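Read through the structure below, which is laid out as structure tokens, and then see the notes.
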Amino acid sequence: MKRLLILFLLIGTACTPAQMNEASAPPSIPASDPAPTHIPLVQDVPATSASSPMPSADIFSELGAPTCAGLTPENTEGPYYTPDTTERKSLLEEGWQGDKLILIGYVLDSNCQPIPGAWLDFWQADANGEYDNSGYNLRGHQFTDEQGRYTLETIMPGLYSSRPIRHIHVKIRVPGGEVVTTQLYFPEQPIDGLTVQLEDKGDYHLGIFNFVVR
Ligand code: FE
């Protein structure tokens with residue numbers, strides 16, 4: 001009998017931990033909760049630290065709703081256009097010199113509606129007023145986004161002796177349209193219908209210009 005009692009006691013104590021383990025199994029489910037919460041944390045790190053040197057996405061908060069003031073006048077192409085440029089929104093290359101300019105705006109139709117996918121090809125002089133006529137420095141094309149907006153990171157163009165007025169050349173073509181060639185100017189020497197609205201933001205100049213094309 002004594003042996004049987006001891007046996008029952010042994011079985012009893014052996015079962016208790018097993019039952020406790022089963023009972024404690026549910027808490028092991030919440031124990032897995034921290035894993036999913038860690039995943040977004042890991043994903044958050046690169047997202048917040050991947051800030052571009054160009055204030056790209058937020059820069060459009062400066063733009064507001066499209067405004068139109070008639071068709072953008074055409075302006076002479078000049079002698080320094082080079083076709084087949086690289087697609088890029090920043091013309092800044094390693095070792096660039098000058099005052100940084102970020103130019104933003106819409107490409108709009110004559111009803112002031114934004115045009116997505118419009119092609120813009122920019123070219124300009126460097127800070128010393130010189131064009132790169134053998135390469136593609138300070139040259140590049142891009143397309144407007146779904147909301148008809150463009151953004152160009154570049155420098156303020158320098159003056160050159162044969163044309164002492166600061167300007168940026170641009171060609172625009174809306175889908176299915178013809179190429180429009182013009183130039184943008186600055187408030188120091190404004191030209192009707194082609195003058196960029198300019199603001200000094202400290203470490204860069206912000207220029208705003210909306211193109212209105214047929
Ligand atoms: Fe020029």
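Both ligands and their constituent atoms are indexed starting at 1 by order of listing. Only this structure's heavy atoms are used, side chains among them; waters, hydrogens and symmetry mates stay out. Heads up: numbering here begins at 1 and tracks the sequence. Every value quoted in this text rests on a predicted model; they were computed, and no experiment measured them.
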- Query: If Ile, Leu, Val, Met, Phe, Trp and Tyr residues are connected whenever their side-chain heavy atoms lie under 4.5 Å apart, and connections chain through other members, are Leu159 and Phe186 in the same group?
  - Reply: no

- Message: For a distance under 2.8 Å, tell me if Tyr160 has an N/O/S atom near the Fe ion (ligand 1).
- Response: yes

- For His167, what is the atom name of its N, O or S atom nearest to the Fe ion (ligand 1)? NE2

- Message: Applying a strict under-4.5 Å side-chain criterion to I, L, V, M, F, W and Y, I'd like to know whether Tyr80 and Ile165 cluster together.
- Response: no

- Task: Would you check, one step at a time, whether the test side chain to side chain contact (heavy atoms under 4.5 Å, CB included) holds for Gln124 with Ile155?
- Result: CA-CA 9 Å; Gln124 66 169 89; Ile155 57 162; 3.7 Å; yes

- Message: Looking only at N, O or S atoms, which one in His169 sits nearest to the Fe ion (ligand 1)?
- Response: NE2

- Message: Parallel, tilted or perpendicular, judged at 30° and 60°: which one describes the rings of Tyr160 and Tyr131?
- Response: perpendicular

- Query: Quick check: does Tyr131 put an N/O/S atom under 2.8 Å from the Fe ion (ligand 1)?
  - Reply: yes

